Amino acid sequence: MRKRTLDIILIAGVLLAAALLWLWLRPVEAGGSVLVIQDGQEIARYALHEDRTVTIGEADYNVLEIQNGQAAVTDANCGDHTCVRTGAVSRAGESIICLPHRLEIRIIGGADSSVDIVAQ
Ligand SMILES: [Zn+2]
């Protein structure tokens, strides 16, 4: 009887670990947002699930493209183009940084993400 209980706890633990890993690895769902931070201040926020292309700045510009739940800087006139080479980001906590323009594009999870998990 005691061994059976231990088995159940072990199986539950493995399933929980697998579920957590799955939640951690999957892309941010509809509630995710793209934060645009310049000089440490949030200047814009866009929904990650709405496709759009925006140009941030004028003389110093970065083109932010949000498509299929991913955000990427597709063009910029900064010196190093690190932001463009970073490619697309889609998971909460990931970011694209453009040092010359003191710009950060950061993905954050949606406020309703906990509701989403309960609904699974
Ligand atoms: Zn850049």
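Here the structure is a predicted model, which is why all the values come from computation and not from measurement.
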Any donor-acceptor N/O pair, His49 side chain to Gly32 backbone, under 3.5 Å: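 Flag not set: sc His49 to bb Gly32 has no pair under 3.5 Å.
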Taking the side chain as every heavy atom from C-beta outward, state whether [X] and [Y] have any pair of such atoms under 4.5 Å apart.
{"X": "Ile105", "Y": "Val34", "result": "yes"}
{"X": "Leu48", "Y": "Ile107", "result": "yes"}
{"X": "Asn77", "Y": "His101", "result": "yes"}
{"X": "Asp60", "Y": "Pro100", "result": "no"}
{"X": "Cys83", "Y": "Asn62", "result": "yes"}

hydrophobic_cluster_shared for Val84 and Leu64, side chain cutoff 4.5 Å: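 As far as the 4.5 Å side-chain criterion goes, Val84 and Leu64 are connected within one cluster.
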Between [X] and [Y], which heavy-atom pair has the shortest distance, and what is it?
{"X": "Tyr46", "Y": "Ala44", "result": "OH-CB, 3.7 Å"}
{"X": "Ala47", "Y": "Ile66", "result": "O-CG2, 4.1 Å"}
{"X": "Ser95", "Y": "Thr86", "result": "O-CG2, 4.2 Å"}
{"X": "Thr53", "Y": "Val63", "result": "CG2-CG1, 3.6 Å"}

Look up atom [atom1] in [X] and atom [atom2] in [Y], then write down how far apart they are to the nearest 0.5 Å.
{"X": "Glu65", "Y": "Thr55", "atom1": "CD", "atom2": "OG1", "value": "10.5 Å"}
{"X": "Arg106", "Y": "Leu35", "atom1": "CZ", "atom2": "CG", "value": "6.5 Å"}
{"X": "Ser33", "Y": "Glu50", "atom1": "OG", "atom2": "CD", "value": "9.5 Å"}
{"X": "Glu104", "Y": "Gln41", "atom1": "CD", "atom2": "CD", "value": "13.5 Å"}
{"X": "Leu15", "Y": "Leu20", "atom1": "CG", "atom2": "CG", "value": "11.0 Å"}

ILVMFWY clustering at 4.5 Å (side-chain atoms), partners of Ile8: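 Other cluster members: none.
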Results of side-chain contact (heavy atoms from CB on, under 4.5 Å) for Ile43 - residues two or more places apart only: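 With sequence neighbours excluded, Ile43 shows a side-chain contact (heavy atoms from CB on, under 4.5 Å) to Val36, Gln38, Ile56, given in chain and number order.
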